[in-house]
Structures are given as C-alpha cells and as structure tokens.
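Step one of this worksheet: look at the structure below.
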There are 2 protein chains.
Amino acid sequence: MSSVELADLAGVNAANVRKDLSYLHAHGTRGVGYDVDHLITEISLVLGGDEPNPVIIMGVGNLGRALSSYDGFVAGGFPVAGLVDADPTVVGRRIAGKVVRAVDDLEALVTETGSTVGIVATPAHAAQEAANRLVAAGIRSILNFAPAVVVVPGQVDLRQVDLATELQILGYHQHRRSDADPIMSRVAG
Amino acid sequence: MSSVELADLAGVNAANVRKDLSYLHAHGTRGVGYDVDHLITEISLVLGGDEPNPVIIMGVGNLGRALSSYDGFVAGGFPVAGLVDADPTVVGRRIAGKVVRAVDDLEALVTETGSTVGIVATPAHAAQEAANRLVAAGIRSILNFAPAVVVVPGQVDLRQVDLATELQILGYHQHRRSDADPIMSRVAG
DNA sequence: AGATGTGAAGCGGTTCACAGCT
DNA sequence: AGCTGTGAACCGCTTCACATCT
C-alpha cells in the first residue's frame with residue numbers, strides 16, 4: 001500500500017505519512033509501497049502495543065459513566081480497570097460491570113489492577129484533588145476532562161481535554177465567518 | 001491584574017498572554033497591568049460572546065447523554081438545543097429534559113432552534129452519515145467525537161476529539177519513559 | 001520600579017519537491 | 001514508471017529579551 005493511499009484513509013498528507021513512518025523505522029519499498037503487516041507490528045511496538053495499560057476513572061458522573069463504557073478504550077489497549085468516586089452514596093454501586101470504589105481505596109485499586117493511567121472526570125472544583133490522589137497512588141499519566149487548570153509534579157504527564165473549549169473554537173470560527181472579520185480587520189487597520 | 005498573574009491562573013506563559021491580548025486590542029497599562037472588566041468585555045466580544053450558539057447532538061448513546069447534561073456547554077454559551085438519534089426506540093424519549101428527535105426531523109429542529117453547531121456522538125460507522133445530515137440541514141460547525149475520519153465540504157468547520165487517541169498519546173509517553181527510549185536510540189543509532 | 005508591547009529567535013510540525021532506489 | 005526517503009522551505013505558535021511607557 002502506498003503512502004498516498006494511507007494518507008487518504010487517514011485524512012492527512014502523504015509526505016507526512018512517509019516522514020512519520022521513516023522515524024519509526026517502518027520502511028517501505030521504493031516503487032512499491034509499504035507492507036501493511038509490517039507496519040502494524042512496527043507501529044504497535046512503538047506504541048507500547050502488546051501490554052495493555054489499565055485505566056482508573058475518577059468521578060462517575062455523566063461523563064465518567066460514558067467513559068467507563070466507551071468501547072474505544074478497550075480496543076485501544078486501555079481497559080477500564082476501576083471506577084472511583086468521592087460520593088459515598090455511589091460507592092459500592094455497579095456501573096458498566098464495575099463496582100465503584102471509595103477514594104481511600106484508590107491506592108489499593110491501583111496496585112491490584114496494575115493501572116498506569118488515570119482519567120479525571122470529576123467536576124472542576126474536585127479535579128485538582130482527584131489528580132493529587134492519582135499521583136499519590138503512583139499514577140504518572142493523567143487525562144483531565146474537568147475544565148480546570150490542574151498542576152502536577154514534573155514527572156507526571158498530564159493531558160487536558162476541554163469539551164467547552166472545543167466548542168468555543170468552533171464558535172469563534174463561525175463568528176469570524178459571519179462577522180466582517182473583526183480581528184484581522186482591526187489588526188490590519 | 002498583571003500578565004504574570006493571568007498567566008499563572010491559566011497555566012501558561014506571561015509573554016503569551018500579553019501577545020494574545022494585544023492581538024485582541026485588549027490593551028493594558030504599562031507599569032500597572034490589565035483592567036479585568038475591560039478584558040472580559042473585549043474577549044467575549046471577540047469570542048462571539050453575547051449571542052449563544054445552540055448545539056444539536058447526534059447520537060444519544062452513553063457519550064451523547066453525558067454531553068447533553070454537561071454544564072460547561074451552557075456556561076460557555078452553547079446550550080444544547082436538541083438531541084437526535086437514528087434508533088426509533090429512543091426517539092421520543094426524554095433525556096436531560098429534551099425529547100429525542102428522529103433524524104428526519106433534523107432540518108426542522110435546526111430551523112426551529114436556530115442551531116449553528118452540531119456534535120457527532122454516534123458510533124464510528126454512523127459518523128459520516130450523521131455529519132452529512134448536519135451539513136444538509138445547514139450546520140456549518142461540527143465537533144466529531146466518533147473515532148472515524150469524516151470528510152465535509154470546504155465551507156464546513158470540522159473538529160475532531162478522539163478520546164482513545166488522547167489515551168494513546170499518554171500511553172506512548174509512558175512507554176517511552178519506562179523503555180530505554182526505543183525510538184530515539186534507534187534514530188540515533 | 002514595574003508592567004506592557006513587540007521584534008527576534010526558537011521550536012515542533014507540515015508540506016514541497018526531488019533525488020534515488022526497485 | 002512509480003514510490004519512497006528526506007533536505008529545505010514554510011507555518012503558526014511560543015518564548016526570550018528588552019525598549020518603552022506610566
């Protein structure tokens with residue numbers, strides 16, 4: 001399969017595909033293209049591939065519940081290993097086949113499941129505390145969905161997913177399209 | 001308030017704050033700082049601020065349901081105006097205070113609510129069709145949560161939020177940390 | 001003194017364009 | 001002839017550093 005075909009399927013530029021694959025030492029054959037099986041093994045090796053990374057979800061509100069039954073996680077090698085919530089009335093409940101554990105159980109949960117990744121799906125005001133707990137329990141990779149600035153120690157990898165911001169960006173572009181381009185005209189003027 | 005204070009609160013660099021604000025013509029006073037009220041009005045003006053952008057959510061699975069009761073949307077000026085699903089058994093049901101409408105109702109729904117933004121929260125295989133319907137109904141800004149490549153006409157603004165990819169990135173960094181840095185050592189070697 | 005506003009440099013990533021291999 | 005591999009240009013954004021203003 002050629003880099004052009006791969007690029008079309010992924011919706012990106014062909015040169016980009018070639019450059020990225022060459023970084024991975026997933027080489028193709030000139031005049032021919034790439035061997036797909038080879039790509040699969042090489043890419044999954046680089047991505048950590050074989051061993052799954054179990055994840056812990058902090059907060060089982062609407063978003064936490066949605067995430068706990070999100071198929072894409074399992075498929076991507078990130079099975080949901082545990083659910084944790086601060087609300088004692090939901091602790092012990094069964095959600096998506098898993099019993100919700102108390103925050104004080106977190107450390108034990110991490111150890112017994114070998115979890116490596118934490119997802120913060122709490123309200124904004126509880127996000128920092130949730131992240132602190134995850135870090136204290138030994139988690140070093142955190143995905144934060146709460147719309148809050150969370151600070152973590154340097155060795156912890158934190159990624160932010162802000163749903164409202166995504167919409168804000170769309171709204172901004174739209175505003176720009178309809179309006180007579182207020183910013184650039186002001187900058188230009 | 002100084003650019004340093006603002007930057008700390010937002011978790012970004014101070015020079016960046018100053019540069020961005022100067023683009024918006026939200027100027028401060030040298031030696032003093034920025035007038036916060038002025039910043040609020042100026043920023044909300046640029047962001048489209050005053051008039052809300054109602055959104056339509058396509059697909060009321062777990063994720064769609066979570067999104068339909070996500071407070072951040074309303075707070076950010078993106079009230080959920082309608083829910084749509086292809087499954088006739090959920091059409092007519094009430095979710096988060098809204099009645100789920102059929103796909104064929106989409107165009108009417110967009111008109112009657114004045115919606116401008118669409119969210120695709122369907123399974124991957126239905127994402128392209130959902131996007132097509134939104135475009136046909138006049139929506140020009142789409143936020144896609146389905147893990148699928150979706151193509152839209154040039155005038156439509158499409159943003160992709162791929163939850164599994166976010167985890168993949170975390171997992172990759174983690175893999176790199178623990179491992180003896182396979183890629184770079186191979187590149188170097 | 002203290003903070004802004006902004007050229008200039010730096011950086012990661014993308015795209016072009018074409019030499020080089022099969 | 002076709003497709004890869006990659007130097008070079010490009011792009012948007014971030015950060016530095018400092019002249020400038022109150």
Side-chain angles (χ1 to χ4, degrees), chain A residues 1-43 46-47 149 151 154 157-160 162 165-166 168-170 172-173 176-177 181 183-189, chain B residues 1-43 46-47 149 151 154 157-162 165-166 168-170 172-173 176-177 181 183-184 186-189:
Chain A
M1 181 172 281
S2 78
S3 60
V4 175
E5 293 176 85
L6 289 167
D8 285 350
L9 288 171
V12 299
N13 179 287
N16 209 340
V17 168
R18 294 200 295 278
K19 186 150 287 195
D20 286 357
L21 291 178
S22 86
Y23 286 149
L24 307 185
H25 293 234
H27 293 274
T29 312
R30 289 170 200 246
V32 180
Y34 295 89
D35 179 86
V36 174
D37 285 344
H38 181 65
L39 287 188
I40 291 171
T41 55
E42 207 67 22
I43 291 173
V46 171
L47 254 35
V149 175
V151 295
D157 193 4
L158 173 72
R159 287 185 64 84
Q160 186 79 26
D162 189 332
T165 298
E166 294 293 334
Q168 200 70 259
I169 293 169
L170 278 177
Y172 169 69
H173 288 158
R176 284 267 305 257
R177 268 193 316 235
D181 204 350
I183 286 204
M184 286 311 150
S185 65
R186 285 165 79 189
V187 169
Chain B
M1 180 173 282
S2 79
S3 61
V4 175
E5 293 176 86
L6 289 167
D8 285 351
L9 288 171
V12 298
N13 180 287
N16 209 340
V17 168
R18 293 201 296 276
K19 186 150 287 195
D20 286 358
L21 290 178
S22 86
Y23 286 149
L24 308 186
H25 292 235
H27 293 274
T29 312
R30 291 171 198 244
V32 179
Y34 295 88
D35 178 87
V36 174
D37 285 344
H38 181 66
L39 287 189
I40 291 172
T41 55
E42 208 66 22
I43 291 172
V46 171
L47 253 37
V149 175
V151 295
D157 192 4
L158 173 72
R159 289 185 65 84
Q160 186 79 26
V161 177
D162 189 332
T165 297
E166 294 293 334
Q168 201 70 259
I169 294 170
L170 278 177
Y172 169 70
H173 288 158
R176 285 265 309 254
R177 267 194 315 233
D181 204 349
I183 286 206
M184 286 309 152
R186 286 164 81 188
V187 169

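Numbers restart at 1 for each chain; the letters A, B, ... are given by sequence-line order, proteins then strands.
- When the C1' atom of dG5(D) is taken as reference, atom CG of Leu39(A) falls 14 Å away, rounded to whole Å.
- The side chain of Asn16(A) approaches dT15(C) more closely than any other nucleotide in the set dT4(C), dT15(C), dG5(D).
- Considering all non-hydrogen atoms of both residues, Met1(A) and Val36(A) come closest at CB-CG2, 3.9 Å.
- For the pair Leu21(B) CG and dA3(C) C1', the interatomic distance rounds to 13 Å; values are reported in whole Å.
- When rounded to the nearest whole Å, the span between NE2 of His27(A) and P of dG20(C) equals 18 Å.
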Anything under 3.5 Å between a donor and an acceptor, one on a side chain of residues 12-21 of chain A, the other on a protein residue two or more places apart or in another chain? List them.
| residue | atom | partner | partner atom | Å |
| --- | --- | --- | --- | --- |
| Asn13(A) | OD1 | Ala15(A) | N | 2.7 |
| Asn13(A) | OD1 | Asn16(A) | N | 3.3 |
| Arg18(A) | NH1 | Ser3(A) | OG | 3.0 |

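- Considering only side-chain atoms of Tyr34(B), the nucleotide from dT22(C), dG5(D), dT4(C) that sits closest is dT4(C).
- In this structure, Lys19(A) places its NZ atom 9 Å from C1' of dT15(C), rounding to the nearest Å.
- Closest approach of Val149(B) and Leu9(A) over heavy atoms only: CG2-O, 3.4 Å.
- The nearest whole Å value for the distance from the CG atom in Asn13(A) to the P atom in dG5(D) is 15 Å.
- Comparing dA17(D), dT6(D), dA3(C) by their closest approach to the side chain of Ser22(A) singles out dT6(D).
- Donor-acceptor pairing under 3.5 Å, judged by distance alone, is absent between the side chain of Arg30(A) and the base of dT22(C).
- Along DNA chain C, the nucleotide nearest Gly33(B) and the nucleotide nearest Thr29(A) are compared for position; the residue whose nucleotide lies closer to the 5' end is Gly33(B).
- The two residues His25(A) and His38(A) make their nearest non-hydrogen contact at O-NE2, 4.4 Å.
- Note: CZ (Arg18(B)) to C1' (dA8(C)) measures 15 Å, nearest angstrom.
- Projected onto DNA chain D by closest heavy-atom contact, Ala15(A) and Val32(A) fall at different nucleotides, the more 5' of which corresponds to Val32(A).
- Leu47(A) contributes atom CG, which lies 9.5 Å from atom CD1 of Ile169(B) (distance to the nearest 0.5 angstrom).
- Nucleotide dG5(D) holds its P atom 11 Å from the CG atom of Leu24(A), rounded to whole Å.
- One interatomic measurement links the two molecules: NE2 of His25(A) to C1' of dT4(D), which rounds to 15 Å at whole-angstrom precision.
- For the pair Ser3(B) and dT4(C), the criterion of a side-chain N or O lying under 4.0 Å from OP1 or OP2 is met.
- OP1 or OP2 of dT14(D) has not a single side-chain nitrogen or oxygen of Tyr23(B) nearer than 4.0 Å.
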